[in-house]
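Here is the naming used below: chain letters follow the sequence lines, and residue numbers restart at 1 for every chain.
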Amino acid sequence: MALQFYDTRLRRKIPFEPLAPGTVRMYNCGPTIYDLAHIGNFRAYIFADLLRRWLDVRGFDVTQVMNITDVDDKTIRRSRNEGVSLEDVTGRYGLAFFEDIDRLNIRRATHYPRATAHIDQMVELVQALLELGHAYRAEDGSIYFRVNSFPEYGSLSGKRLADLRQGERVSDDEYESKDDVRDFALWKAWSERDGDVFWETPLGKGRPGWHIECSAMSMDHLGREFDIHTGGVDNIFPHHENEIAQSVCGAGAGFARRWMHCEFLIVEGRKMSKSLGNFFTIRDLLDQGYRPREIRYVLAATQYRSRLNFTLDGLRAARSALQRLDEFRDDWKLYPDGDPTREEVEVVERAARGFDEAMDDDLNVSGALSHLFTLVRELNAMRAEGKATAGIVPRLEQVWTRWDEALGFVLPFEEESGDGLETGHIEALVEQRNEARARKDWNRADAIREQLAEEGIELKDGPEGTVWRRR
RNA sequence: GGCGGCGUAGCCAAGUGGCUAAGGCGAAGGUCUGCAAAACCUUUAUUCGCCGGUUCGAAUCCGGCCGCCGCCUCCA
């Protein structure tokens, strides 16, 4: 089966063919850095990461752009509430964001453009929209996009322009000067509330609207037309709908070829919210003793278009599952010499194929994992029967590495395995202990085991020998 | 009101017309073992919210019902 992804606009899976063979240009809606991101946000970033990784594995040359929103209502409000500068707030939470994505083993995107560094591009786009008659300046000096000027408006979300009249909750005085409640801000004229956050531009004194940054930055870094645009389902309307309108009208091009959106997550079966006390940041979970790798596993293991039920139980289950993978890797060391058997080769190749097919089919990570775990079980069973051979290990290692490239949690993270102890030193002690055990000198053997335990090394005695692992 | 989604074993979660309904966690047995710790193996849904229908054949398609949920102007 060929590589295919679900397209939000078409509402079905379609084969993936990039605009330029062999290269993919992708834009991901990124964080607004006004506070710590929560696990719901990270599900979206993990989704983008899984997509990017799979395209990497599939041999595409990927240019990945994720925006950083560093000026909007929320960042401004926060800086005012704290009485600090906007840069203070965005600097702090921008740093936290990168710390968190590193911890979660999310690959760095090619570019992380910031809104405040692209004011010129936004101004240009708004000017073009004004000239083309798609935008107008309202009494308050703000500039709005005229939704009526774009007949295709609503095609992504499946909303018809005429239906959008309904929810007229226009009580907010912010909207008073718009011609039509459905119109949205491209440029916000400076107001008291903005304090010292403003730019003097040909459009006047003010700041950009939220939607315009993604249009300007994606086109700046990826061109007027690119392959994939991702985000959370909540971005479909109005954010992405507005992006399309601005971009297509302003640049006269197709903008994003396809749209992919990741579902929400809920926590313990309920919507995540601060009032329910089920609101988690990455740091909250780390403080409770959960590991980044376990968080990544949970966020990745459910197919991105399904709603994910995030539970602490699930994190514990992830720990057990990951431990099973680690044990399996350790056990390769014990496979007796010999050429790979036909059966072994079949087990490995079937799993390798199954994994690829599942991932090719709209990133079905759950399906891919089932093939991975089936391989673990089958090879373990063969080993228990003395039918596993060291001859299979090179191929196994190759496949395993590919799986880690794709998922990012198959091999242990560096930070969790390395502690500076010399391998030679450990193996010498293990050797000494086994000599002691052979002499039935249990005191000596136990002393060595304890010594190693204090250094964070765990021993596992089995019929084929002793393996050690860093805890 | 408009648009859309979901309901699969104790929990999480694939599968969306046809081999025996993936996989993980948990649980129960067993193996290994100087002790210990762990690990490994096996078993664990005659059935896919309920009721009808279409079909040679449905968890998968259609209709109805019950339950849960999302979006409808700045929330991943």
Side-chain angles (χ1 to χ4, degrees), chain A residues 11 28-32 37-48 69 72-74 147 154 157-160 162-170 172 174-175 178 181-185 209-211 230-239 241-242 261-266 269-272 297-298 301-303 305-311 313-325 327-328 330-331 354 358 361 364-374 376-377 380-385 437 440-442 445-446 449-450 453 458-464 467 469:
Chain A
R11 296 172 190 239
N28 309 309
C29 265
T32 300
H38 56 71
I39 51 172
N41 301 122
F42 282 108
R43 184 189 191 192
Y45 309 142
I46 295 256
F47 154 60
T69 300
D72 80 323
D73 291 354
K74 287 178 296 189
V147 167
S157 55
K159 297 185 189 306
R160 276 166 316 191
D163 293 338
L164 291 178
R165 277 274 170 188
Q166 313 305 356
E168 285 187 57
R169 18 171 163 162
V170 228
D172 197 333
E174 231 182 302
Y175 299 113
K178 290 197 287 189
V181 289
R182 300 164 305 180
D183 293 346
F184 57 89
W210 176 43
H211 314 293
T230 75
V233 287
D234 55 327
N235 283 149
I236 296 173
F237 190 88
H239 183 49
E241 204 70 78
N242 292 350
H261 293 94
C262 126
E263 247 305 336
F264 264 65
L265 67 70
I266 54 176
R270 311 185 66 180
K271 187 173 176 173
M272 179 168 66
Y297 181 96
V298 169
T302 298
Q303 210 270 349
R305 283 193 294 119
S306 297
R307 195 184 310 148
L308 183 158
N309 186 11
F310 187 93
T311 64
D313 233 29
L315 283 175
R316 287 186 281 272
R319 177 169 299 186
S320 301
L322 287 167
Q323 197 164 321
R324 183 167 162 80
L325 301 186
E327 296 288 349
F328 175 70
D330 291 343
D331 288 343
D361 186 12
N364 186 353
V365 176
S366 318
L369 280 175
S370 80
H371 293 284
L372 183 155
F373 278 105
T374 297
V376 169
R377 193 192 64 241
N380 274 338
M382 289 172 72
R383 170 172 158 258
E385 291 172 29
R437 291 175 71 211
K440 296 197 190 298
D441 180 357
W442 309 127
D446 290 351
R449 184 168 66 200
E450 266 170 50
E458 181 185 71
L459 299 184
K460 216 172 86 177
D461 297 326
E464 298 103 326
V467 290
R469 191 173 63 206

Could you tell me how far U47(B) sits from U20(B) if I compare only their C1' atoms? Round to whole Å.
13 Å
Return the nearest nucleotide to the side chain of Lys271(A); candidates are A76(B), U73(B), C71(B).
C71(B)
For Ala381(A) and for Leu459(A), locate the closest nucleotide of RNA chain B by heavy-atom distance; then report the residue assigned to the nucleotide nearer the 5' terminus.
Leu459(A)
Determine the interatomic distance between C1' on C66(B) and the same-named atom on C50(B); round to the nearest Å.
7 Å
Can you tell me which nucleotide in A76(B), C40(B), C72(B) comes closest to the side chain of Lys159(A)?
C72(B)
CG of Asp73(A) versus C1' of C75(B): gap in Å, rounded?
13 Å
Using a heavy-atom cut-off of 4.0 Å across all strands, would you classify Leu372(A) as base, sugar-phosphate, or nothing?
nothing
Separation of A36(B) atom C1' from Glu450(A) atom CD, nearest Å, is 10 Å
Glu327(A) has its side chain closest, among C40(B), A76(B), U73(B), to C40(B)
Heavy-atom pair of closest approach, residues Ala445(A) and Arg437(A):
CB-CG, 3.6 Å
Identified pairing partner of G29(B), criterion: Watson-Crick or G-U wobble below 3.5 Å:
C41(B)
From CD of Glu458(A) over to C1' of A38(B), roughly how many Å is that when rounded to an integer?
6 Å
Does a side-chain N-to-carboxylate-O contact under 4.0 Å join Glu327(A) and Lys460(A)?
yes
Would you measure the distance from the C1' atom in U16(B) across to the matching atom in G7(B) and give it in whole Å?
15 Å
C1' spacing across the pair G26(B) / A9(B), given as an integer number of angstrom:
12 Å
Under 4.0 angstrom, heavy atoms only, what part of the nucleic acid is Phe42(A) near: base, sugar-phosphate, or nothing?
nothing
Taking 4.0 Å as the cut-off, does a side-chain nitrogen or oxygen of Lys74(A) come that near to OP1 or OP2 on C75(B)?
yes
Could you label the plane-to-plane angle of the Trp210(A) and His239(A) rings as parallel, tilted or perpendicular, counting under 30° as parallel and over 60° as perpendicular?
parallel
Do you know the tightest heavy-atom contact between Leu315(A) and Val298(A)?
CD2-CG2, 3.7 Å
P gap between A27(B) and G10(B), integer Å
16 Å
Given the C1' atoms of C48(B) and A38(B), what is the spacing between them in whole Å?
37 Å
Search all heavy atoms of Asn235(A) against all heavy atoms of Cys29(A) and return the closest pair with its distance.
OD1-CB, 3.9 Å
Any side-chain donor-acceptor pair under 3.5 Å between Asn28(A) and Thr230(A)?
yes
If the sugar-phosphate is the primed atoms plus P, OP1 and OP2 and the base is the rest, what is the B/S/- string for nucleotides 8-26 of chain B, using protein heavy atoms under 4.0 Å?
----SSSS------BSSSS
So what's C61(B) paired with, Watson-Crick or G-U wobble, going by both distances under 3.5 Å?
G53(B)
Rounded distance in Å - CZ (Phe264(A)) to P (C71(B)):
6 Å
Heavy atoms under 4.0 Å, any strand shown: does Arg11(A) hit a base, just sugar-phosphate, or nothing?
sugar-phosphate
Between P of C74(B) and CH2 of Trp210(A), the distance in whole Å:
9 Å
Quickly work out the Ile236(A) CD1 to C71(B) P distance and round it to whole Å.
11 Å
Considering only the C1' atoms, how many Å lie between G57(B) and G18(B), rounded to the nearest integer?
6 Å
Tell whether Arg449(A) reaches the base of C35(B) with its side chain through a donor-acceptor pair below 3.5 angstrom.
yes
Write down the distance separating the P atoms in U8(B) and C61(B), rounded off to the nearest Å.
16 Å
According to the side chain to side chain donor-acceptor pair (under 3.5 Å) rule, which pairs have a member within residues 38-47 of chain A, sequence neighbours left out?
His38(A)-Asn41(A)
Could you tell me whether the side-chain ring of Trp442(A) sits stacked on the base of G34(B), using a centroid cut-off under 5.5 Å and a plane angle under 30°?
yes
Pair assignment for U47(B), Watson-Crick or G-U wobble, requiring both distances under 3.5 Å:
none
Can Gln303(A) and Ser366(A) be counted as having a side-chain donor-acceptor contact under 3.5 angstrom?
no
Touch check for Asp234(A), heavy atoms < 4.0 angstrom, all strands: base, sugar-phosphate only, or nothing?
base
Name the pairing partner of G70(B), where a pair is Watson-Crick or G-U wobble with both distances under 3.5 Å, or state none.
C3(B)
Rounded to the Å, how far apart are Met382(A) CE and U31(B) P?
23 Å
Could you check how far CG of Asp446(A) sits from P of A38(B), rounded to whole Å?
16 Å
Ala318(A) versus Tyr297(A), closest heavy-atom pair with distance:
CB-CD2, 3.5 Å
Checking base pairs now: Watson-Crick or wobble, both atom distances under 3.5 Å. What partners G17(B)?
none
Under the side-chain contact (heavy atoms from CB on, under 4.5 Å) rule, what do Val376(A) and Leu325(A) come out as? Steps first, then yes or no, please.
CA-CA 8 Å; Val376(A) 169; Leu325(A) 301 186; 4.2 Å; yes
